[in-house]
Amino acid sequence: MSNLPEKLTKPYDPASTEARIYQLWEKSGFFNPDNLPARHQEPFTIIMPPPNANGRLHAGHGLTITLEDIMTRYQRMQGKKALWVPGADHAGFETQVVYEKKLEKEGRSRFKMGRQELYNEIMAFTIDSKKHMEADVKALGASCDWSREKFTLDASVVAEVQETFRNLYRDGLVYRGYRTVNWCTKHQTSLSDVETENVEKADKLYYIKYGPFIVATVRPETIFGDVAVAVNPTDERYQQFIGQTIEVQHPEGVLPLVIIADEEVDPAFGTGALKITPAHDHNDFRMAETHHLSRIEVIDQYGKLNEKCGKYSGMKILEARTKVVEDLQALGLIEKIEDYAHAVPTCYKCSTTIEPRVMPQWFVKMEPLAKLAADAVRGGNIKFIPDNFEKIFLYWMDNTMDWNISRQIVWGIPIPALVCTSCNAGTLDIDHKVGSACPTCSAPLTSETDTFDTWFSSGQWPLLALGYPKTKDLSFYPTNVMETGRDLIFKWIPRMVIFGLYLTGKVPFSTVYLHGMVNDKHGKKMSKSKGNVVSPIELTDKYGADALRIGLVIGNTPGNDIALAEDKIKGYKHFCNKIWNATRFVLSNTEGMSLYTPRPVLEKRDEEILAEFNTAITSITTHYENYRFHLAGEELYHYFWNTFADIIIEEMKPRLSGTGESSKQSAQWILLNILATTIKMLHPFIPFITEELWGILPRAEKSLLIVEPWPKSL
RNA sequence: GGGCGAUUAGCUCAGUUGGUAGAGCAGCGCUUUUACACAGCGAAGGUCGGGGGUUCAAAUCCCUCAUCGCCCACCA
């Protein structure tokens with residue numbers, strides 16, 4: 001039993017092993033590609049999607065970290081100069097919302113705090129939360145290079161993001177626009193289109209008498225902001241009115257409305273006549289631009305009717321709606337009211353109905369940029385896994401609208417600009433001084449207080465994470481794989497492609513691997529309100545990180561959602577236990593033999609076993625190469641349990657205790673070498689237990705499994 | 001209104017280029033045999049959503065229908 005170390009006489013205990021093994025790896029320095037042995041030349045790079053630094057990791061992060069670590073570890077063993085760059089995201093609006101909830105609980109409000117005070121508090125909170133997030137990433141076994149970790153508010157990142165803005169401005173790709181934006185009346189900020197969520201709502205459709213017309217609307221309270229009635233130019237019913245101005249009666253007086261003709265009006269909907277409220281509807285705003293109509297703002301930033309609304313001023317939208325309808329009814333101006341179901345945009349964080357408001361904000365001109373991205377993808381420069389996401393990506397790129405990057409929150413990167421106190425024009429901060437005259441209207445300029453949409457900086461992340469524009473690490477760019485949740489196919493992926501191409505002319509990654517959502521065991525979305533949230537760290541504590549990792553990957557195809565059942569993870573803990581015990585058996589029966597023992601003359605049966613095993617190596621390696629990790633894991637699992645443990649070990653038992661010395665040696669060699677090689681191939685999935693076992697296997701030198709060459713054949 | 005995905009054993013899901021179905025968990029029976037009861041062995045369980053087509057052969061390709069889910073959308 002000389003081959004059997006003390007450790008193996010006890011059951012495997014992840015809790016006492018994992019932290020120790022992780023330290024071993026960190027101490028080795030191999031997470032940093034600069035420290036890898038000389039055989040590692042060709043770079044393999046993954047940029048970690050920086051987890052939000054405002055809390056612990058959730059189950060989805062568990063899957064991300066696992067998949068990326070599998071790729072990184074596999075490529076490192078394959079001899080690549082593997083770099084996986086970790087990060088932490090300040091997560092602008094997200095974090096500010098988290099912090100506002102905290103303030104609310106404490107009976108405080110951001111609106112009663114100074115900007116700097118609020119910023120400092122959120123920074124302190126984030127720096128503290130970041131530590132927990134990082135500890136979670138480590139607990140999952142991530143072999144990322146912490147020496148290169150970046151935070152999205154690092155000074156160098158902020159400076160470069162601002163520089164990109166200036167470049168876009170100079171290139172005419174960023175501009176200050178004055179138009180309707182998506183306004184959240186609770187959070188007091190505008191939001192981009194991807195930050196709103198369309199929710200199906202049951203409303204009423206009111207048919208209101210407008211002079212000779214009847215218009216259908218769900219928002220009668222905006223009547224005071226109406227400037228026109230639009231009809232389709234081909235609509236015969238209304239031909240004689242086009243171009244005329246009519247007078248429309250309402251509870252507070254009379255409105256003069258011009259009748260315009262616009263293709264966008266659908267003659268079949270409602271009455272074919274549409275009231276136009278340019279200041280409070282995106283569509284109406286556009287029409288008003290086309291027809292040079294004025295805008296009357298009647299709803300304020302808090303969602304209340306303003307002083308232009310007579311007796312309704314100060315009322316909230318819904319209250320005013322009820323009142324206005326009552327009064328219109330009293331005047332006999334309501335023709336009918338119908339039930340109406342439609343989708344309304346809401347704030348994705350608080351579900352408050354978005355109020356379109358006309359505001360001066362910064363926009364990125366998307367069309368030329370999106371074309372760069374679409375061309376690159378059409379040209380085959382980026383491969384999507386699964387490939388149907390390419391279509392989704394292209395649809396998105398072919399249908400962009402200009403991107404509002406201004407946020408009225410303090411937690412973010414300041415937009416480096418000056419804005420006019422009078423005419424809403426904007427200039428770069430470095431081109432003028434605060435207080436100097438606006439180039440357009442000569443009024444004094446003041447500092448912009450808005451911050452960037454988080455995705456503006458995140459979109460540049462592959463470059464920023466590599467220290468761009470410093471050239472030191474740019475040999476790792478373009479990166480190989482961007483692995484992230486499939487929900488980011490339009491929020492994040494396109495922006496990275498765009499900025500990568502804009503800044504360097506090169507796509508930021510050649511492969512996009514998208515995983516599905518991690519749901520609860522019944523396949524339902526996890527949410528705090530449903531109480532079905534599963535913490536990856538709890539599972540790690542209970543079953544070990546290895547069990548969680550392999551359990552997350554096996555049975556889950558790219559792009560498809562996964563149902564995370566605790567029992568499944570438990571099952572893979574049993575697998576780890578199986579490996580542990582099989583190793584115990586093999587080592588206690590291979591006395592005097594090491595991994596360096598030359599191959600003895602093998603029995604015919606052993607040659608067969610070997611041939612079968614070599615076939616498995618090839619198959620498993622092919623799965624790894626093709627990003628089919630669920631199949632690689634499954635095949636390893638089945639080979640180890642159902643072939644190696646159930647058949648091979650059992651078959652060898654009589655030979656190990658028998659008297660035929662050469663038969664015994666052949667059996668021992670087969671057992672030890674298949675065991676060791678399988679452990680290597682399992683390492684990317686279950687790094688902790690395999691590294692621990694590798695340290696126990698009989699070898700002369702104590703090298704680490706993490707840099708062991710990937711096996712070819714036995 | 002569009003787009004996408006799913007529909008396979010009681011539950012959650014695999015099944016890479018077409019060749020008469022698999023895993024985990026649950027459940028049933030037996031077994032403490034030189035690792036492992038966090039185990040082994042054995043049995044049971046599915047006409048792979050319905051229908052049609054291509055093929056010697058389809059869960060796998062094509063058409064169609066149905067149901068569920070997700071995403072997108074400036075018909076008020």
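Checking each of A/V586, A/L675, A/I609 against A/I670 for a side chain to side chain contact (heavy atoms under 4.5 Å, CB included) leaves exactly one that passes, namely A/I609.
Phosphate contact (OP1/OP2 of B/rA76, side-chain N/O of A/Y340, threshold under 4.0 Å): present. Taking 4.0 angstrom as the limit, A/N560 places a side-chain polar atom (N or O) nearer than this to OP1 or OP2 of B/rA14. In terms of phosphate contacts, A/H630 brings a side-chain nitrogen or oxygen within less than 4.0 Å of OP1 or OP2 of B/rG15.
Base pairing of B/rA39: its partner is B/rU31, meeting the Watson-Crick or G-U wobble criterion (both donor-acceptor distances under 3.5 Å). Pair assignment for B/rC70: B/rG3, on the basis of Watson-Crick or G-U wobble contacts that are both within less than 3.5 Å.
Counting non-hydrogen atoms under 4.0 angstrom, A/A645 reaches a base of the nucleic acid. Residue contacts shown for A/A565 are absent, as no nucleic acid heavy atom lies under 4.0 Å away. Using a 4.0 Å heavy-atom distance criterion, A/H638 is classed as a sugar-phosphate-only contact. A/A343 comes within 4.0 angstrom of a base, heavy atoms only. Contact annotation for A/K275: no contact, since no heavy-atom pair falls under 4.0 Å across all strands. Note on A/D646: only backbone sugar-phosphate atoms sit closer than 4.0 angstrom, heavy atoms only; bases stay farther off. Looking at heavy-atom distances under 4.0 Å, A/R286 makes contact with a base. Residue contacts for A/T557: at a heavy-atom cut-off of 4.0 Å it reaches the sugar-phosphate backbone alone, with no base atom in range. At a threshold of 4.0 angstrom between heavy atoms, the contacts of A/F490 are confined to the sugar-phosphate backbone, with no base atom among them. Within 4.0 Å (heavy atoms only), A/T217 reaches sugar-phosphate atoms of the nucleic acid but no base atom.
A donor-acceptor contact under 3.5 angstrom links the side-chain atoms of A/E650 to the base of B/rA35. Donor-acceptor pairing under 3.5 Å, judged by distance alone, is present between the side chain of A/K578 and the base of B/rC36. Counting distance only, with no hydrogens placed and no angle test, the side-chain atoms of A/K568 and the base atoms of B/rA23 include no donor-acceptor pair under 3.5 Å.
On the P atoms, B/rC75 is 42 Å away from B/rG18, given to the nearest whole Å. Between B/rG10 and B/rG45, the two P atoms lie 11 Å apart (nearest whole Å).
Residues A/L274 and A/R584 each lie close to RNA chain B; by heavy-atom proximity, the contact nearer the 5' end of the strand is made by A/R584.
Of all nucleotides listed (B/rA35, B/rA23, B/rA76), B/rA35 comes nearest to the side chain of A/I649.
Because its NZ or CZ atom is both nearer than 6.0 Å to the ring centre of A/F585 and within 45° of the ring axis, A/K653 counts as a cation-pi partner of that residue.
In this entry the distance linking CD of A/E200 with P of B/rA73 reads 14 Å, nearest Å. Atom P of nucleotide B/rU16 and atom CG of A/L631 are separated by 8 Å, given to the nearest angstrom.
Salt bridge present: A/E338 and A/K336 bring a charged side-chain N and a carboxylate O closer than 4.0 Å.
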